[in-house]
Amino acid sequence: MTMFSADGLMMRNEKTAEQVAADRRGFLRFGLTAGAVATLGLMLPGTALAQAQQAAASMGGRDIKLRNQHTGEVFRGTYWAGGRYLPDAFSGIKSVMRDHRTGERFPIDPRLMDILYVLQNRVDNLGGFEVLSGYRSPKSNAMLRRHGEGVAKNSLHMSGQAADIKLPGTSLAHVKKA
């Protein structure tokens, strides 16, 4: 299991992720620097992110495919186009990434989608991500913390900024190298 998060990219004001998604200028004010890939200890270079953004802009948008391993639900579509994040897409992403234990939905940080977008392009695998865990309610996080190891008390999953994923068809070694 590999965890990707927007660690260190916490928003500094009271805007929700959906508001930031709808306000590209606000999003850019916070800086689109890629976060550390938490369990791999890697940084996504800003130039790689900029290259991916330029490529996406020339193609008209950023597409992503997510499949929730627990519910079987799928989001497949464009989440960014025309210089802005698409609120309707984030509604679908929020549904697929919801806490499968409680059914609770929470806004997913657009920067997490950008990190996944860059990763899938760097490893040249557009087949889609298997989501093992997206948003986690505080209740689910506490339960997992009691019954397992490696679950942070203040996990970024609880703020929509982390996802445990698999990328079928791509080895972990290749993901690490990317």
Side-chain angles (χ1 to χ4, degrees), residues 1-11 16-18 20-21 27 30 32-44 48-49 52 62-80 85-86 89-123 125-145 148-172 174-176 178:
M1 179 165 39
T2 305
M3 183 173 130
F4 297 91
S5 72
D7 190 13
L9 295 177
M10 293 272 198
M11 290 178 266
T16 66
E18 288 176 323
V20 171
F27 177 76
F30 295 114
L32 186 57
T33 45
V37 179
T39 58
L40 300 177
L42 300 175
M43 292 295 288
L44 292 174
L49 188 57
R62 296 179 199 152
D63 295 335
I64 199 152
K65 180 182 174 190
L66 306 167
R67 181 185 176 279
N68 187 304
Q69 183 176 345
H70 301 283
T71 67
E73 292 173 284
V74 174
F75 171 84
R76 178 183 299 152
T78 303
Y79 71 92
W80 182 92
Y85 292 92
L86 306 176
F90 277 89
S91 178
I93 291 168
K94 178 170 64 171
S95 184
V96 170
M97 301 269 290
R98 76 179 180 277
D99 185 331
H100 69 272
R101 293 168 189 86
T102 67
E104 290 179 54
R105 290 169 171 77
F106 191 86
I108 302 301
D109 193 318
R111 295 168 291 190
L112 177 58
M113 292 301 101
D114 286 334
I115 290 168
L116 295 177
Y117 175 81
V118 169
L119 178 63
Q120 74 179 5
N121 283 283
R122 289 184 106 189
V123 300
N125 181 342
L126 306 180
F129 294 97
E130 290 284 324
V131 177
L132 308 173
S133 180
Y135 168 70
R136 278 190 214 144
S137 68
K139 180 180 177 180
S140 287
N141 199 70
M143 182 273 301
L144 289 171
R145 195 166 154 71
E149 295 180 23
V151 177
K153 182 177 182 178
N154 295 311
S155 171
L156 291 174
H157 285 271
M158 295 188 303
S159 60
Q161 295 182 311
D164 297 337
I165 58 98
K166 290 181 185 177
L167 191 54
T170 302
S171 71
L172 181 57
H174 190 59
V175 171
K176 284 181 179 181

Beyond-backbone contact of [X] with [Y], side-chain heavy atoms, under 4.5 angstrom:
{"X": "Leu126", "Y": "Gln120", "answer": "yes"}
{"X": "His157", "Y": "Val151", "answer": "no"}
{"X": "Pro110", "Y": "Phe90", "answer": "yes"}
{"X": "His174", "Y": "Asn125", "answer": "no"}

Inter-residue atom distance [X].[atom1] - [Y].[atom2], 0.5 Å rounding:
{"X": "Ile108", "Y": "Leu66", "atom1": "CD1", "atom2": "CG", "answer": "9.5 Å"}
{"X": "Arg145", "Y": "Asn154", "atom1": "CZ", "atom2": "CG", "answer": "8.0 Å"}
{"X": "Leu112", "Y": "Leu156", "atom1": "CG", "atom2": "CG", "answer": "9.5 Å"}

Check your understanding: Is the backbone N or O of Ala152 less than 3.5 Å from a side-chain atom of Ser155, with the two atoms forming a donor-acceptor pair by type?
Key ->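 Flag not set: sc Ser155 to bb Ala152 has no pair under 3.5 Å.
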
Would you name the heavy atoms of [X] and [Y] that are closest together and state the gap between them?
{"X": "Lys65", "Y": "Gly127", "value": "CD-O, 3.4 Å"}
{"X": "Arg105", "Y": "Ser95", "value": "NH2-OG, 3.3 Å"}
{"X": "Val74", "Y": "Val96", "value": "C-CG2, 3.7 Å"}
{"X": "Pro168", "Y": "Gly128", "value": "CD-O, 3.6 Å"}
{"X": "His100", "Y": "Leu132", "value": "CE1-O, 4.3 Å"}
{"X": "Ile64", "Y": "Tyr117", "value": "CD1-N, 4.1 Å"}

Checklist line | Set of salt bridge (Lys or Arg N to Asp or Glu O under 4.0 Å) partners for Glu104, sequence neighbours left out | finding: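 Checked Glu104 against salt bridge (Lys or Arg N to Asp or Glu O under 4.0 Å); zero matches.
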
Can you name the residues that form a salt bridge (Lys or Arg N to Asp or Glu O under 4.0 Å) with Arg67, not counting sequence neighbours?
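Only Glu130 meet the salt bridge (Lys or Arg N to Asp or Glu O under 4.0 Å) criterion with Arg67.
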
With sequence neighbours excluded, residues passing side chain to side chain donor-acceptor pair (under 3.5 Å) with Tyr79: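 By the side chain to side chain donor-acceptor pair (under 3.5 Å) rule, Tyr79 matches Asp114.
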
- Taking only residues two or more places apart in sequence, or in another chain, which ones meet Asn141 in a side chain to side chain donor-acceptor pair (under 3.5 Å)?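 Arg136.
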
>> With side chain to side chain contact (heavy atoms under 4.5 Å, CB included) as the criterion, how do Arg98 and Asn68 come out once you've worked through the C-alpha distance, each side chain's angles and the decisive distance to 0.1 Å?
In response: CA-CA 9 Å; Arg98 76 179 180 277; Asn68 187 304; 5.6 Å; no

Does the plane of the ring in Trp80 sit parallel, tilted or perpendicular to the ring in Tyr85? Use 30° and 60° as the thresholds.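 Perpendicular.
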
Could you check Lys166 against Gln69 for side chain to side chain contact (heavy atoms under 4.5 Å, CB included), going step by step and ending with a plain yes or no? CA-CA 10 Å; Lys166 290 181 185 177; Gln69 183 176 345; 4.3 Å; yes

For Phe106, which residues count as a ring pair (Phe, Tyr, Trp, His ring centres under 6.0 Å) partner, sequence neighbours excluded?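 Ring pair (Phe, Tyr, Trp, His ring centres under 6.0 Å) check on Phe106 returns Tyr135.
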
Worksheet item: Excluding sequence neighbours, so at least two apart, what forms side-chain contact (heavy atoms from CB on, under 4.5 Å) with Arg101?
Response: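 By the side-chain contact (heavy atoms from CB on, under 4.5 Å) rule, Arg101 matches Asp99, Ser140, Met143, Leu144.
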
